[in-house]
Amino acid sequence: MDKMTVNDINNIRSSVDIVDVISDYIPLVNKGRNYFGVCPFHDDNHPSMSVSKEKQIYKCFSCGATGNVFNFIMDYENISFREALSKVASMAGISIDIGDIREKSNPYQKMYEAYDIAFKFYQNNINTSEGKEAKEYLKKRLIDENIIKEFGIGLSLSKRDLLSKMLLKKGFDQNTLNESGLLSFNDGGYYDMYSKRIMFPLWDTSGKVVGFSGRIYHGEDISKYINTKETPIFKKGELLYNYHRAKDEARKTKTIIVMEGFMDVIRAYVSGVKNVVATMGTAVTKEQALLIKRLAPNIILCFDGDAAGAKATFACINELQKLGTTPQVVRLEDNLDPDEYIQKFGKERFISKIANPINVMDFKLSHYKEHKNLESSVEKAEYVRNILDELTKIDDEILRELTLQKLSSESNLDINFLRSKLPEIDKKVNENEIIINTRNKKVYGKYEMAERSLIYYMLKNKDVIKIYNNKTPFMPDEKYRQLAREIVSYYQINGIISAADLITELMKYNNDLVPLIGDIESNDFKDEYTLDEINDYINVINEFNIKKETKKIKEQIHAEVDPLKKAMMAQKIMDLKMRGDKRNDK
C-alpha cells in the first residue's frame, strides 16, 4: 500500500484477537469475561494482568501497564510501533510496507547512525589486505566466512583516525561522537577508540548496533577485550547478546538458553542451537532477568563449567526466582565453556546436554556440597539449613518433596524431622487464582466518578459522545478533560470509537493518556446505561463547576467593600444557581 491510513492500521489491529496474540507470549487463564496472566512488565508472581476479548485491550492491576495488541508487542519485544504493526499484519496474513509509517523522532538517532556507519566500516576492513591475518586467527577458532557474515564481525585497523575522520567528515556533531564511545579526544585531536582488534558488534533488543567488543588477535599483553563504554543507547546490564535473533526461535520452542559469552552464543548458534542469548559476562541484572523471563517459559542456564560459572549460575537462578520463574541448569564437564565444549566434543553431544538439563535443586544440592565435609556435624548442619532455605524459594511441591527425600538420604535425618524444620513457606497462590490489589484500590468522590463514568460510556457508544458534545460539560480534572477531547476528536474524524483504536492514535503523540483509559476500563461499570444516567453524570459535573465558581464569588464578596459591587456579585451567584436548575430540568 502506498500510504497507511488510520483505517488501515485499525483494520490490521482488528484482524487479530488480542487474547490469541498475548497467549503466544504468556499463559492466560479465562475467568468470566476476561483472561488473566502474570504481567511480564514488572516483578509479578501472580496473575495480575487482565486481557479483555471484548475491548481488545489489556490492563495490569499492579503496575498499570495498559494498551492494545500493538503496545503489548512493542513493550514485550522492545521494538518500535512500525515493527509491531508489521508483526501483527504478518499474523493476520496482511502484506504491508512498514516504510509507510512515520516513527517518533529519536533523540539519539544520530548516535545510532554513527554506530551503523562504524559497523559497516569495520565489516569492510576485515575484507581488506590488512584483514587477512584477522581472518586467519578466526579460522583457527573455527569461525569461517559464513559466521563472519552472519554475526557482522569486523576489524579496526592499525591507523587510529580513520573512523574519526569519516564520521567528522559526514557532519556528525563532536559532542555526539564523544558521548558515543566510538572516538576519544586528547590534545592531539580525535582518535578511534579501537585499533587492531577484531570487532564483534553488540545489538540492542530491536537489532540495532549500539556497541562493540574489540578482541586482540596479535597476542599483545593488553586487555583481551575492550567493550564500548556505557552510553545513552548502550547499557550493558539492560541487554542480552543475540536477543533479536533468538526471540522468535525461543517463542517457537518455548525455551531460551542463557550463556555468559558471545563466543559461546556464536558457536551454539552455528551448531543449530538458535534459541540462545548471553549476559556478556556480567552478573545478571534485574533488567536482564526480566528480558530472559519474557523470552520463553522454559529457561536453561548453560554457563562456563568452572567454579566461576557455577557461582554465576547460582546468582542468575536467584535473580530469576525473584521474578517467580525457576530455570533448569546444564553443567559442562572439564571446566569448559560452551564454545570450548562444542569444539572438543562436537555439537551432537552438546545438543544432548541441552536436551537433558538438571533441575535447579539438584544443582543447588551439588553447589552447597562442594568443599563441604559432610562427615563433620557442623558442616552437615550448615548444608541442611542451606537446602531447607532454598526449598522455600520454589513453587513446585513435587520437586520440594523429591529434594527432601534426597536430603534425608544424604544427611541420615528423618524426612519428617526435615519437614518440621522447613522454614514457613508462604502460601503459594494457585496459578489460576487472580490477584487484584484491592487493599490500595482508590475510592473516587462523586464528581470524579461522574467524569470517569461519562468517559467510560463515551468509549462504548457514539451516542454518548454526541450528548457530551452538545452539552459540553467542563470536566474539572485536566486529565479527564484531555481524554474527553481526544475521544470527541477521534470520533469526529473517523466516525467510530473504540478504546483499542483510540490507544493506537494516542501512541503517536499523547501516550500519557493510555494508562488512564485502562484505569477507567478496569472500573466495574455496568454494560448498559440510560439517557437519564448520562444526563445525571453531566449534571453532577456542572454542579461541581457551579459550586466552585460560587465559592470563588463568595470569597470576592467577603473581600469587597463597595455595596453595589457586592450586590452585583450576589446576583451572579443567583444566576449560577438558576443556570444549574435549568440544566437539571432538561
Leu402 vs Gln405, side chain to side chain contact (heavy atoms under 4.5 Å, CB included): CA-CA, chis, key distance, verdict: CA-CA 5 Å; Leu402 289 171; Gln405 290 176 11; 4.1 Å; yes
Side chain to side chain contact (heavy atoms under 4.5 Å, CB included) between Thr326 and Ile299, worked out: CA-CA 8 Å; Thr326 301; Ile299 300 166; over 6 Å; no
Trace of the side chain to side chain contact (heavy atoms under 4.5 Å, CB included) decision for Ser158 with Ser195: CA-CA 5 Å; Ser158 53; Ser195 72; 5.8 Å; no
Working for salt bridge (charged side-chain N to carboxylate O under 4.0 Å, His left out), residues Glu390 and Lys393: CA-CA 6 Å; Glu390 292 294 342; Lys393 300 175 184 177; 3.4 Å; yes
Stepwise salt bridge (charged side-chain N to carboxylate O under 4.0 Å, His left out) test for Lys293 and Glu319: CA-CA 11 Å; Lys293 179 184 177 182; Glu319 203 61 52; over 6 Å; no
Working for salt bridge (charged side-chain N to carboxylate O under 4.0 Å, His left out), residues Lys87 and Asp248: CA-CA 11 Å; Lys87 272 186 171 288; Asp248 288 337; 3.5 Å; yes
Leu291 and Leu295: CA distance, side-chain angles, deciding distance, side chain to side chain contact (heavy atoms under 4.5 Å, CB included) verdict: CA-CA 6 Å; Leu291 284 176; Leu295 279 167; 5.6 Å; no
Full working for salt bridge (charged side-chain N to carboxylate O under 4.0 Å, His left out) between Glu521 and Lys59: CA-CA 9 Å; Glu521 289 282 3; Lys59 157 80 177 179; over 6 Å; no
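Considering every non-hydrogen atom in both Ser411 and Leu418, the closest pair reads OG-CD1, 4.4 Å. Smallest separation of non-hydrogen atoms from Met361 and Ile394: CG-CD1, 3.8 Å. Residues Val258 and Phe303 come closest through the heavy atom pair O-CE1, 3.3 Å. Minimum heavy-atom separation, Asp337 to Leu332: C-CD1, 3.8 Å. The minimum heavy-atom distance linking Ile18 with Asn68 is given by the pair CD1-C, 3.7 Å. Asp306 approaches Asn335 most closely through the heavy-atom pair CA-OD1, 3.5 Å.
Between the side chain of Asp204 and the backbone N or O of Ile233 there is no donor-acceptor pair closer than 3.5 Å. Asp334 places no side-chain N or O within 3.5 Å of a backbone atom of Leu336 that could act as its donor or acceptor partner. With hydrogens and angles disregarded, a donor-acceptor distance shorter than 3.5 Å links the side chain of Asp264 to the backbone of Asp339. No donor-acceptor distance shorter than 3.5 angstrom exists from the side chain of Ser48 to the backbone of Ser62, with no hydrogens or angles considered. Side-chain N or O atoms of Tyr115 include one that pairs as donor or acceptor with a backbone N or O of Ser180 at under 3.5 Å. In terms of modelled atom types and a separation under 3.5 Å, the side chain of Glu260 and the main chain of Asp304 share a donor-acceptor contact. In this structure, the side chain of Glu379 engages the main chain of Asn373 through a donor-acceptor pair within 3.5 Å. Using a distance-only test at 3.5 Å, with no hydrogens or angles considered, no donor-acceptor pair links the side chain of Ser86 to the main chain of Arg82. In this structure, Tyr194 contributes its side chain and Thr228 its backbone to a donor-acceptor pair below 3.5 Å.
With values rounded to the nearest 0.5 angstrom, Phe262 atom CZ is found 3.5 Å from Ser213 atom OG. Rounding to the nearest 0.5 angstrom, the gap separating the CD1 atom in Ile517 from the CD1 atom in Ile57 is 7.5 Å. We find the CE-SG distance between Met259 and Cys302 to be 4.5 Å, quoted to the nearest 0.5 Å. In this structure, OG1 in Thr253 is found 4.0 Å from CG in Asn275, a value given to the nearest 0.5 Å. Rounding to the nearest 0.5 Å gives a distance of 12.0 Å between OH of Tyr269 and OG of Ser271.
Among Phe314, Phe363, Tyr383, the one residue that satisfies the ring pair (Phe, Tyr, Trp, His ring centres under 6.0 Å) test with Tyr368 is Phe314. Considering Lys369, Lys406, Arg331 in turn, Lys406 is the only one that fulfils the salt bridge (Lys or Arg N to Asp or Glu O under 4.0 Å) rule with Asp362. Residue Lys53 forms a side-chain hydrogen bond (donor to acceptor under 3.5 Å, both in side chains) with just one option from Asn30, Asn34, Asp20, Asp17, and that option is Asp17. Tested against Tyr341, the residues Arg267, Glu333, Lys353, Lys347 include a single side-chain hydrogen bond (donor to acceptor under 3.5 Å, both in side chains) partner, Glu333.
Taking the ring centre of Phe151 as origin, the terminal cationic atom of Arg245 falls inside the region bounded by 6.0 Å and 45° from the ring axis. Judged by the 6.0 Å distance and 45° axis criteria, Lys31 is not positioned over the aromatic ring of Phe36. Relative to the six-membered ring of Tyr217, Lys196 misses at least one condition, a distance below 6.0 Å or an angle of at most 45° to the axis.
No more than 12 heavy atoms of other residues, nucleotides or ligands shown are found within 6.0 angstrom of NZ on Lys139. Crowding of Lys229 atom NZ: a count of heavy atoms from other residues, nucleotides or ligands under 6.0 Å exceeding 12. Atom NZ of Lys235 has more than 12 neighbouring heavy atoms from other residues, nucleotides or ligands inside a 6.0 Å radius.
Between His244 and Trp203, the ring planes lie tilted relative to each other; the angle falls in the 30° to 60° range.
A ring-centre distance under 6.0 Å is not found for Phe234 and Phe212. Ring pair Phe41/Phe72: centre-to-centre distance below 6.0 Å. Checked against the 6.0 Å centroid threshold, Phe70 and Phe81 count as a close aromatic pair.
Using a 4.0 Å cut-off between charged side-chain N and carboxylate O, Glu410 and Lys380 make no salt bridge.
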